[in-house]
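All values reported here derive from a predicted model rather than from experimental measurement. Chain A is the first sequence line, chain B the second, and so forth, proteins listed ahead of strands; every chain is numbered from 1. Heavy-atom basis, side chains included; hydrogens, waters and symmetry copies ignored.
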Amino acid sequence: MIRQRVKNIIDACVEQGISEGIWSEAVAGKYTIEVPKREGQGDFSTNMALVLAGIHKGNPRQIATQLVSLLEKETEYIEHLEIAGPGFVNIFLKPMVWQHALFSVFEQRGKFGLSSVGTNRKVMVEFVSANPTGPLSVGHGRQAILGDAIARLLTATGHDVFREYYFNDAGRQMRVLGESTRARYLELLGLPSQFPEDGYQGDYIQDVAREMITEHGDALKDHADVAPFTVKAKELIFKNISGTLGRMGIIFDNYYNEHTLYEKGLVDAVVADLRSKDLVYEKEGATWFKTTAFGQEQDRVIIKSTGEPTYRLPDIAYHREKFRRNFDWLINVFGSDHIATVPDVLAGVRALGYDDSKVTVVLHQFVTLLRDGKQVKMSTRKATFITVDELLDEVGVDVARFFFMMRKADSQLEFDLDLATKESQENPVYYVQYAHARICSILRQAEDKGVQKRPIIEIDTTLLVAPEELQLLKSMNSFPAMIEEAALGLAPHRVIFFLMELAGQFHSYYNKHKVITENIALSQSRLCLIEALQIVFHNGLHIVGLTAPQEM
RNA sequence: GCACCAGUAGCUCAGCUGGAUAGAGCAACGGACUACGAAUCCGUAGGUCGGGGGUUCGAAUCCCUCCUGGUGCACCA
């Protein structure tokens, strides 16, 4: 907000310069205004002179001097100006500008930081979408948290968000799941059995088999159809998955079942439509989709010679349905192992006449667990992976959420269990939460000591002049823009970094300045400051699904 | 072989999409509580931003190339 105001001032001065014929209008819109990294370089700075000099081979410092003489007339916000380095114009604002930021925090309270950029934009976030063949592993955990945090951020910025889980309950994998279950069932009954070569080896399959024995005894031992086994396994595993998601506070608006695509004839429809556009052909008994027409190296099979579709076909049908359901933005959160499917699906929707630029795929890299400084080996085949449930048992929901959000999706994530289980010191989760709890504690303390809390209008905010206080005010002021950038950039890790930074600033401030002192007016101003901080911590933590404890 | 991602302090990672003297947390070392909560703070030390070219006023950031690691490149999902 303040940034925008400063930008307006600069824009006006540049306009004036252009109309007076000092500068060419080629600069308009080319320069930026930013927050300098280093102290002493002002609250904001602009590279306008450098940009203009670049266009006309002029002298940047001379242009900067002209700009400064125009800006100098703006005395309401600007305290003073400096020309620095190669030709940056550094702008120092009056402290009052920042002190005023407190007002909007208190005006908006729980809504401070929320925005409306996404108003009237209907967006679907598809995430997790794990096959119901086993419990969620830590990789799914990252995806679940990432997807949920993205959804929360988008909600916070006014989007109409719909969370969906694509439930893959058709095809070969389900059959193998049923066969695995039957084999365990027979095994537990002491009967001869043959475990499928690529079967699911996890203990949870035996749990399903045990459940079936309780329900049916040995009545199914000669049953030719695997269906009852598949159905039961799917049911129990799904219950397990949704239970895990529930523990993490993740609620989907819809589970989209793959089999409904077949029931409604939507899969066949895709083939027919592609065929009518001459994008499908038969070869070696299989049906191929001409993905080479969309820049790929080779065509892809969509129906195997056995008559079974490959995974891409229902995927394309599913995405077409998403378009038909009128979303403005389709976000898919996938593990990086699904990278190969992305171009196929995009080619599919494009072939069907939809705008694939509405689809954004967030690919996240893998998670490695670290215990005692060593990597924990995991194998899905042998079912030696660590499940999300086990992780939650060990570190708790807040810590798991926080750690999964700490890295940008593009980076591999190293989850250090030793650090995560530490209840103190270096655990960054508590570092942030402690800042919030500490503020709550000071506010309680003030109440006990009888220091009156006063409404913001009666507070003398000009008493907040310590460098640390101004820094805190600036950080708070940048909170809404940060949320917006994190949301639109689908980057929850930015919120985490912001909160850690703010917590650091607060802890330093706390150690340097006393909030409650003999000086009543100053104490009240500082109480206001930290109450505003409390609001920011609370909102920031909640926006990404973390709790803000009052005490720890 | 091809595609995508990553390579930044001893370790784990940021770096606001091209800005000024590259940052933080751990780890190391030295300090600060008869208390607004020490789950905290202050200080010291630590760098050829993987290598090499290029683009320009200016590059960790953009382009090319090479090296290393991860993930894919099925008539598995």
*asked:* Assess the residue pair A:R444 and A:E551 against the criterion (salt bridge (Lys or Arg N to Asp or Glu O under 4.0 Å)); give the C-alpha distance rounded to whole Å, side-chain angles, the decisive distance to 0.1 Å, and a yes or no.
replied: CA-CA 11 Å; A:R444 283 193 297 267; A:E551 48 191 31; 3.7 Å; yes
_Among B:rA39, B:rU12, B:rG37, the one nearest A:R407 by side-chain distance_ = B:rU12
*Provide, to the nearest angstrom, the distance between the CZ atom belonging to A:R175 and the P atom belonging to B:rA77.*
10 Å
*For B:rC57 versus B:rC16, give the span between their C1' atoms, rounded off to a whole number of Å.*
23 Å
*Output the single nucleotide from B:rA38, B:rC76, B:rC13 whose closest atom is nearest the side chain of A:F497.*
B:rC13
_From the set B:rC75, B:rC36, B:rC76, return the single nucleotide nearest to any side-chain atom of A:A286._
B:rC75
_Side chain of A:E414 only, heavy atoms from C-beta on: which candidate in B:rC75, B:rC13, B:rG70 is closest?_
B:rC13
*asked:* Checking side-chain contact (heavy atoms from CB on, under 4.5 Å) between A:L413 and each of A:V138, A:L146, A:V367, which is the one that passes?
replied: A:V367
*Given the rule in the salt bridge (Lys or Arg N to Asp or Glu O under 4.0 Å) test, do A:K290 and A:D299 qualify, once you have shown the distances and angles that lead to the verdict?*
CA-CA 5 Å; A:K290 282 188 195 167; A:D299 293 335; over 6 Å; no
*Relative to the 5' end of RNA chain B, which residue comes earlier, A:M406 or A:E284, by the nucleotide with the nearest heavy atom?*
A:M406
*asked:* If the cut-off is 4.0 Å, is A:K304 near the phosphate of B:rC76, judged by side-chain N/O to OP1 or OP2?
replied: yes
*asked:* Distance check, C1' atoms only: B:rA22 and B:rC49, in whole angstrom units.
replied: 8 Å
*Rounded off to whole Å, could you give me the CD-to-P distance for the A:E468 and B:rC42 pair?*
9 Å
_By the rule that syn is within 90° of 0, classify the base conformation of B:rU17 as syn or anti._
syn
*When you get a sec, tell me which of B:rC36, B:rU71, B:rA77 is the closest nucleotide to the side chain of A:N131?*
B:rA77
*With a non-hydrogen cut-off below 4.0 angstrom, is A:N90 in contact with a base, only sugar-phosphate, or nothing?*
base
*Hey, does A:L464 have a side-chain heavy atom less than 4.5 Å from the side chain of A:W98?*
no
*Using the P atom as the reference point in each nucleotide, state the distance between B:rU61 and B:rG50 in Å, no decimals.*
8 Å
*Describe the nucleic acid contact of A:Y510 in one word from base, sugar-phosphate, nothing, applying a heavy-atom distance below 4.0 Å.*
base
_By the 4.0 Å heavy-atom rule, please label A:S305 as base, sugar-phosphate, or nothing._
base
*Please round to the nearest 0.5 Å and tell me the distance separating atom CZ of A:F127 and atom CG of A:N332.*
12.0 Å
*Base partner of B:rC11, which must satisfy Watson-Crick or wobble distances under 3.5 Å*: B:rG25
*Select base, sugar-phosphate, or nothing to describe what A:S441 touches, counting heavy atoms under 4.0 Å on all strands.*
base
*Using the P atom as the reference point in each nucleotide, state the distance between B:rC5 and B:rG10 in Å, no decimals.*
27 Å
_Most 5' of A:K283 and A:G85 on RNA chain B, judged by nearest nucleotide_ = A:G85
*Which nucleotide in B:rC16, B:rU40, B:rA39 has an atom nearest any side-chain atom of A:M552*: B:rA39
*Residue-phosphate contact under 4.0 Å: A:K449 side-chain N/O, B:rC36 OP1/OP2*: no
_Polar pair under 3.5 Å, donor/acceptor by atom type, side chain A:Y311, base B:rA77_ = yes
_Residue matched to B:rU55 through Watson-Crick or wobble contacts both under 3.5 angstrom_ = none
*NA contact type, A:R300, heavy-atom cut-off 4.0 Å: base, sugar-phosphate, or nothing?*
sugar-phosphate
*Please give the nucleotide sitting opposite B:rC73 as a Watson-Crick or G-U wobble pair, both distances under 3.5 Å, or none.*
B:rG1
*Give one of base, sugar-phosphate or nothing for A:Q433, where a contact means two heavy atoms less than 4.0 Å apart.*
nothing
*State the pairing partner of B:rU61; accept Watson-Crick or G-U wobble contacts with both distances under 3.5 Å, and report none otherwise.*
none
*What interatomic distance, in whole Å, is found between P of B:rG54 and the corresponding atom of B:rU68?*
24 Å
*Which part of the nucleic acid, if any, lies within reach of A:H338 when heavy atoms closer than 4.0 Å are counted: base, sugar-phosphate only, or nothing?*
base
*Base, sugar-phosphate, or nothing for A:A435, non-hydrogen atoms under 4.0 angstrom?*
nothing
*Which part of the nucleic acid, if any, lies within reach of A:A53 when heavy atoms closer than 4.0 Å are counted: base, sugar-phosphate only, or nothing?*
nothing
*Determine the Euclidean distance between corresponding P atoms of B:rA45 and B:rC4; express it in Å to zero decimal places.*
43 Å
*Tell me what A:N47 touches on the nucleic acid: a base, only sugar-phosphate, or nothing, going by heavy atoms under 4.0 Å.*
base
*asked:* Could you identify the nucleotide paired to B:rA6, looking across every strand shown and requiring Watson-Crick or G-U wobble geometry with both distances under 3.5 Å?
replied: B:rU68
_Base, sugar-phosphate or nothing for A:S45? Non-hydrogen atoms, less than 4.0 Å._
base
*Counting only Watson-Crick or G-U wobble pairs whose two distances fall under 3.5 Å, which nucleotide matches B:rU34?*
none
_Without decimals, in angstroms, what is the distance between A:F403 CZ and B:rC13 P?_
12 Å
*Taking A:N90 for the side chain and A:S45 for the main chain, is one N or O donor matched with an acceptor at less than 3.5 Å?*
no
*asked:* Which residue in the set A:Y204, A:F252, A:F167 passes ring pair (Phe, Tyr, Trp, His ring centres under 6.0 Å) when paired with A:F238?
replied: A:F167
*asked:* Using a 4.0 Å heavy-atom cut-off, does A:K408 contact any base of the nucleic acid, only the sugar-phosphate backbone, or nothing at all?
replied: sugar-phosphate
*Tell me, do A:T230 and A:R175 make a side-chain contact under 4.5 Å, heavy atoms counted?*
no
*Answer yes if the ring centres of A:F415 and A:F404 are under 6.0 angstrom apart, and no otherwise.*
yes
*State which of B:rC75, B:rC13, B:rA39 makes the closest approach to the side chain of A:S411.*
B:rC13
*Out of B:rG69, B:rG72, B:rC16, whichever nucleotide has its closest atom nearest the side chain of A:Q412*: B:rG69
*side-chain N/O A:Y430 vs B:rA38 OP1/OP2, d < 4.0 Å*: no
*Quantified in whole Å, what is the C1' atom distance between nucleotide B:rG15 and nucleotide B:rU8?*
9 Å
*Quick one: is B:rG70 close enough that its OP1 or OP2 comes under 4.0 Å of any side-chain N or O from A:S336?*
no
_Paired nucleotide for B:rA20 [Watson-Crick or G-U wobble; both distances under 3.5 Å]_ = none
*asked:* Over all strands shown, is A:F88 touching base, sugar-phosphate only, or nothing at heavy-atom distances under 4.0 angstrom?
replied: base
*Tell me yes or no: between the side chains of A:R407 and A:H364, is some donor less than 3.5 Å from an acceptor?*
no
*Contact class for A:H436 vs. all strands (heavy atom < 4.0 Å): base, sugar-phosphate, or nothing?*
nothing
*Determine the interatomic distance between P on B:rC76 and the same-named atom on B:rA14; round to the nearest Å.*
37 Å
*When you check the phosphate oxygens OP1 and OP2 of B:rG15, does a side-chain N or O of A:H493 lie under 4.0 Å from one of them?*
yes
_Please determine whether a side-chain nitrogen or oxygen atom of A:R38 lies at a distance below 4.0 Å from atom OP1 or OP2 of B:rG19._
no
*May I have the distance from A:Y431 (atom OH) to B:rU12 (atom P), rounded to whole angstrom?*
22 Å
*Whole Å only: how far is the CD atom of A:E501 from the P atom of B:rG25?*
9 Å
